[in-house]
Amino acid sequence: MQVLLGEKEYFKGISQVKYEGPESDNPLAFRWYDENKVVAGKTLKEHFRFACAYWHSFVNEGSDPFGPGTHIFDWNQKSDAVARAKDKMDAAFEFITKMNLPFYCFHDVDVVDYTTDVADNEKRLQALVEYAKQKQKDSGVKLLWGTANVFSNPRYMNGASTNPEFHVLAHAAAQVKAAIDATIELGGDGYVFWGGREGYMTLLNTNMKREKEHLARFLHAAKDYARKNGFKGIFLIEPKPMEPTKHQYDYDCETVIGFLRQWDLLNDFKINIEVNHATLAGHTFQHELQVAADAGVLGSLDANRGDYQNGWDTDQFPNNINELTEAMLILLEAGGLQGGGINFDAKIRRSSVDPTDLFYAHVGGMDTFARALITADNILNKSDFKQFRKERYASFDNDKGKAFEEGKLSLDDLRNYAIEAGEPAMKSGRQEYLENIVNRYI
Ligand code: XUL
Ligand code: CO
């Protein structure tokens with residue numbers, strides 16, 4: 001990939017990050033992510049389809065509830081919104097190509113600032129879509145997915161498609177329509193719905209049944225519109241249990257799968273699983289991956305990590321090799337992602353104020369994923385990990401156990417077998433042994 005500069009170079013003094021191998025001590029080189037390395041029949045580039053998140057990297061200036069942003073963006077200076085947005089896009093494509101990231105993701109309002117004028121917002125977005133098209137063509141970078149931010153604007157304080165007021169729902173629809181148009185024009189592989197405020201704070205003012213019905217109707221309308229206009233990619237729902245609303249309708253993978261099944265959306269929608277959302281739901285990332293994989297809806301991943309000591313979405317860059325190795329075992333056994341990729345929905349810390357910090361963050365994240373995948377492949381091929389789990393269920397492979405799986409045994413039959421076979425022997429689950437295998441191959 002060629003580095004793509006605009007009129008101005010924003011990340012001066014940083015050249016393209018390259019693979020140098022595990023022995024390298026260059027902090028701006030990959031030690032594991034060799035994009036051409038083949039693992040389990042695919043290159044690392046094909047496995048991961050890494051994407052840069054526009055919002056965290058080029059929009060969020062590091063503000064928190066106690067103080068303003070600390071990241072001063074040179075691309076955020078011009079007074080005209082479209083000119084400012086083009087500078088930001090120059091900076092984005094410079095960063096993405098210097099990082100050798102094959103994809104990016106955005107919300108509509110990340111790309112260009114919106115006002116309350118719907119038609120003017122559409123025009124602004126369209127201008128940037130034209131600009132992005134050229135940038136994608138010149139660099140080879142592609143859009144992994146697009147989405148609409150229907151949670152930040154104050155009008156969405158009570159939700160977007162689940163808002164008690166129809167008028168607000170219509171504004172959300174206008175934004176989603178324009179974001180779908182942009183995604184189609186840019187050849188995006190997916191379109192994401194994260195239900196930021198699709199939930200409630202108190203049942204005292206909420207008709208939950210009606211709100212969920214509205215959400216389903218809205219998703220159908222969006223899907224029908226996109227399909228009619230030629231969108232061939234995947235729709236993705238991104239579960240999150242809380243924050244900003246206390247109770248969210250897309251709590252976790254099981255909840256989302258049940259909802260999609262109830263409303264006949266399972267054929268078009270898959271799931272975008274975010275690490276920190278999984279842990280906030282009281283699950284491991286691995287649990288959410290397995291649930292989605294088993295239901296055939298493992299679409300895409302938002303990579304980050306949470307913090308063990310607090311209960312909100314810290315969106316830190318991934319660096320937990322054990323967590324990711326276990327996750328990559330599931331991903332490999334599931335045969336990979338269905339149409340999606342790995343989007344770094346992660347932000348550098350407020351005090352990480354140097355432009356290089358954004359590079360260190362992505363280098364670390366990509367290297368951790370690469371090392372985890374290589375390790376998981378070794379575990380699957382060289383250890384008895386797979387064999388152990390298979391044998392653990394061997395009693396269902398033949399005779400009565402098999403008959404039970406096939407639905408051929410009644411409760412009476414089972415009772416009679418219990419008597420015939422006597423007290424079962426205790427068999428170890430071997431958790432520590434298996435944990436040691438993971439560490440051995442890391
Ligand atoms: C919020 C979050 C979003 C979605 C896209 O927690 O993860 O950025 O990924 O709207
Ligand atoms: Co996310």
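Residues: numbered from 1 along the sequence shown. As the structure is a computational prediction, the values presented were derived from the model and not from experiment. Whatever order the structure lists them in is the order used to number ligands and atoms, beginning at 1.
Summary: OD2 is the N/O/S atom of D302 found nearest to the Co ion (ligand 2). The Co ion (ligand 2) is closest to atom OD2 of D345 (considering only N, O or S atoms).
The side chain of D302, and not its backbone, has at least one atom closer than 4.0 Å to an atom of ligand 1 (non-hydrogen atoms only; side chain from C-beta on). Proximity of H277 to ligand 1, defined as any heavy-atom pair under 4.0 Å, is confined to the side chain (atoms from C-beta onward).
For ligand 1, one of its N or O atoms has an N or O atom of W55 under 3.5 Å away. In terms of polar-atom proximity, D315 is not counted as a contact of ligand 1, lacking any N or O under 3.5 Å from an N or O of the ligand. Considering backbone and side-chain N/O atoms, E274 comes within less than 3.5 Å of an N/O atom of ligand 1. Between T147 and ligand 1, not a single N/O pair is under 3.5 Å apart.
Residues meeting the side chain to side chain donor-acceptor pair (under 3.5 Å) test with D113, sequence neighbours left out: R84.
Not a single heavy atom of V192 sits closer than 4.0 Å to an atom of ligand 1.
Ionic pairing of E61 and R350 is not present here: no N-O contact between side-chain nitrogen and carboxylate oxygen is shorter than 4.0 angstrom. Checked for salt-bridge contact, D224 and K228 miss the test: no charged N lies under 4.0 Å from a carboxylate O. Salt bridge absent: K142 and D189 never bring a charged side-chain N and a carboxylate O closer than 4.0 Å. The residues E185 and K133 are annotated as salt-bridged, a charged nitrogen and a carboxylate oxygen being separated by less than 4.0 angstrom.
Heavy-atom contacts of D313 reach the following atoms of ligand 1: 6 (O) (cutoff under 4.0 Å). Residue-ligand proximity, K240 to ligand 1, at heavy-atom distances under 4.0 Å covers atoms 6 (O).
When ring centroids are compared, Y156 and F151 stay outside the 6.0 Å threshold.
Contact record, A303 with I342: CB-CG2, 3.7 Å, taken as the closest heavy-atom pair.
The OE2 atom of E238 and the OE1 atom of E274 meet at the Co ion (ligand 2) at an angle of about 90°, given to 10°.
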D302 vs W194, side chain to side chain contact (heavy atoms under 4.5 Å, CB included): CA-CA, chis, key distance, verdict: CA-CA 11 Å; D302 267 10; W194 168 58; over 6 Å; no
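Counting only heavy atoms of the protein, atom 5 (C) of ligand 1 lies nearest to H107 NE2, 3.2 Å.
A donor-acceptor pair shorter than 3.5 Å can be found between the side chains of Y131 and D90.
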